[in-house]
Amino acid sequence: MSVTISSERIAEQFARLRASGRRALVPYVTAGHPSPDETLALLSGLEDAGADVIEVGVPFSDPMADGPIIQASSQQALAAGMTFDGVLDTVSRAKLGVPIVLFTYLNPLLAAGRDALTRAAEAGVHGVLVTDLPVGADAEREQWLGDGPLAFIRLVAPTTPQARMAEISQHGSGFVYLISRLGVTGVRETLPPDLPATVRRLRQSTQLPICVGFGVSRPEQARAVAELADGVVVGSAIVRAAGESVESAVTLAASLRAAIDTVSP
Amino acid sequence: MPAHDLTIPPATTGRFGVFGGRYVPETLIPALDELERAYDTARADPTFEADVEHLLSTYVGRPSPLSDAPRLSEHVGTRVWLKREDLNHTGAHKINNTVGQVLLARRMGKKRIIAETGAGQHGVATATVCARFGLECVVYMGEEDMRRQALNVWRMRLLSATVVPVTSGTRTLKDATSEAIRDWVASVVDSHYVIGSVVGPAPYPRMVRDFQSIIGREAREQMLAQAGALPTTVIACVGGGSNAIGVFHAFIDDPAVQLVGVEAAGEGLDTEHHAASLSRGTPGVLHGTLSYLLQDAAGQVHPAHSISAGLDYPGVGPEHAYLKDIGRATYVAVTDHDALEGFKLLSRLEGIVPALESAHAVSWLAAQRGRWRADDSVLVCVSGRGDKDVAQVSEMGILAP
Ligand SMILES: Cc1ncc(COP(=O)(O)O)c(C=O)c1O
């Protein structure tokens with residue numbers, strides 16, 4: 001697989017969605033949770049339920065940006081023997097039509113070696129997002145990711161000043177991931193009141209599509225986010241449902257899809 | 001599989017050689033920038049320095065004494081000097097850092113203080129200074145450590161801190177630190193996170209070192225005044241590394257002074273159960289910093305083990321990683337078993353019951369008879385007192401009184 005094809009798949013997907021006036025549904029799953037086989041079933045179920053991009057979490061022993069649900073799923077996946085190459089194997093066996101983004105902490109990615117990004121591209125991964133590698137943290141490693149075969153998706157937080165938002169966008173590709181609120185991943189009852197203003201600030205700083213995540217769990221919330229952004233990331237709620245059964249996660253994804261599609265172009 | 005060359009220095013500040021850095025979620029970056037600015041401004045402000053000194057002398061009880069140790073000296077065959085951080089208010093060196101950081105948090109207008117704790121000493125020190133200034137204090141502590149250090153849990157609650165049990169992962173310091181960071185990511189606007197050692201993202205390793213370097217500055221002067229010479233060797237235990245860097249720092253530019261950090265070898269360095277990140281770890285990223293780390297080949301962090309909760313951490317401060325790589329300091333390790341011997345030895349020979357953490361340094365020293373000449377002098381940092389450990393050790397039933 002050539003270098004451009006992997007990284008550009010995400011941009012193409014958003015261009016297509018934009019052309020048809022739709023917003024992206026971006027579910028997150030922890031690879032290996034509840035079990036490696038169920039992850040496989042979950043990935044195709046989510047695609048069938050209308051996911052546009054899927055984030056696949058590489059489990060890490062110390063996920064400091066994650067709340068209890070994703071922490072527990074990571075521990076369970078590690079206990080079941082999931083590894084970086086196990087994640088890639090799952091992705092390649094799933095043979096999905098939608099782009100895949102790896103969601104990882106830096107340490108397991110570094111341990112996977114300098115050719116980890118190439119191996120990921122070969123397995124059918126299109127983008128990578130590193131929770132604990134903010135812009136400017138490590139020029140060497142950021143260059144490795146920026147020059148690699150995958151889209152390098154960067155995060156923006158509600159605390160990020162406007163000038164830094166622009167800097168972050170310049171150093172990323174694919175889309176920008178806007179963290180909706182202060183805090184870790186989890187299921188929350190409401191959206192933060194300042195979200196529309198934060199999205200507006202970010203829009204002024206970037207041409208890239210904006211996906212919003214952290215705390216989005218219910219269809220009404222997904223709909224409200226879809227009014228503002230180009231994509232809606234749903235993590236903990238999907239993982240919690242997957243812990244019950246693959247079907248309940250797929251059912252949740254279908255209801256999120258339906259809610260997002262009520263937003264007019 | 002080609003590995004990353006982690007020896008290439010990344011072109012960013014906040015590094016000790018290649019180690020250190022700021023590997024944190026984006027949400028925390030503006031807060032770390034703010035902290036760094038506030039700290040550098042405070043450092044340049046004589047009133048801040050005066051505020052810190054005032055509390056250290058009138059509240060903590062500094063300077064801490066340098067004790068000669070005649071019977072231990074005879075046992076080891078050289079002159080031994082003890083830097084008595086055990087005599088500080090709250091019983092350990094931890095309060096040197098807490099005083100500095102809480103005063104800084106006040107200058108920054110933060111109303112709420114978060115801390116993690118292992119042995120409970122840092123939690124107690126933080127709760128103490130928060131009580132002194134009427135600040136809300138939340139301490140994260142692993143469930144396993146709450147059991148081992150029940151007395152300190154009670155003390156923190158008496159001081160009106162909220163102690164939050166951490167039930168994830170290993171239920172020790174590593175997971176308490178992750179949980180404190182998670183709190184901070186959510187509360188960063190009004191809360192300050194007081195990290196208890198020279199770990200975490202920049203500027204913490206540098207800032208905590210600066211606050212702890214009072215140990216070495218005093219000890220250097222005291223050695224010159226009382227022993228008439230600089231020590232041949234300086235010895236300190238290493239968990240995250242704050243008492244060690246604190247006592248080492250004033251001697252770094254004295255090339256003749258050897259610096260020895262003593263890690264916890266737990267059940268032995270060749271077992272899976274130890275906390276010797278410098279002796280047996282490999283470079284990796286945990287809790288925002290690049291340093292030596294106990295981890296498996298897949299980059300998953302390996303749980304640490306030590307009889308002493310304060311050393312039970314799989315990482316270590318990045319400046320120690322640097323001092324190790326450039327050869328300026330040497331790192332050794334002492335088992336649980338030998339640390340208990342050190343605990344007993346200092347109690348019996350000098351009438352000083354050390355913390356189990358500090359007992360690692362004592363034990364290494366005691367095993368080195370013949371290493372030094374009779375007229376050499378060795379400085380040991382007694383980082384804390386052993387009151388907190390008496391219940392745990394007596395329950396083990398191995399040290400008949
Ligand atoms: C008495 C004492 N010594 C040493 C330590 C280890 O920490 P550090 O290596 O940062 O000095 C602790 C930590 O709790 C402690 O309580």
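Numbered from 1 within each chain, the chains take letters A, B, ... in sequence-line order. Any value given below was found using the heavy atoms of this structure, including those in side chains, with hydrogens, waters and symmetry copies removed.
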Does the [X] side chain pair with the main chain of [Y], one donor and one acceptor, at a distance under 3.5 Å?
X	Y	value
B:Q295	B:T282	yes
A:D132	A:L106	yes
B:R22	B:A202	yes
A:D230	A:I210	yes
B:E26	A:P134	no

Under 4.5 Å from any heavy atom of chain B - which part of [X]:
X	value
A:I179	side chain
A:P63	both
A:F60	both
A:D66	backbone

Among A:A116, A:P108, A:A72, residue most engaged with chain B (heavy-atom pairs, under 4.5 Å): A:P108
Region of B:P30 in contact with chain A, defined by heavy-atom distances below 4.5 Å: side chain
B:H4 and A:W144 aromatic ring geometry - parallel, tilted or perpendicular at 30°/60° bounds: perpendicular
Members of residues 154-167 of chain A whose heavy atoms come closer than 4.5 Å to chain B: A:L155, A:V156, A:A157, A:T159, A:T160, A:P161, A:R164
B:R147/B:E144 ion pair, N-O < 4.0 Å: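 Counted as a salt bridge, because a side-chain N and a carboxylate O are separated by less than 4.0 Å.
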Atom CD of A:Q143 with >12 non-hydrogen neighbours under 6.0 angstrom: no
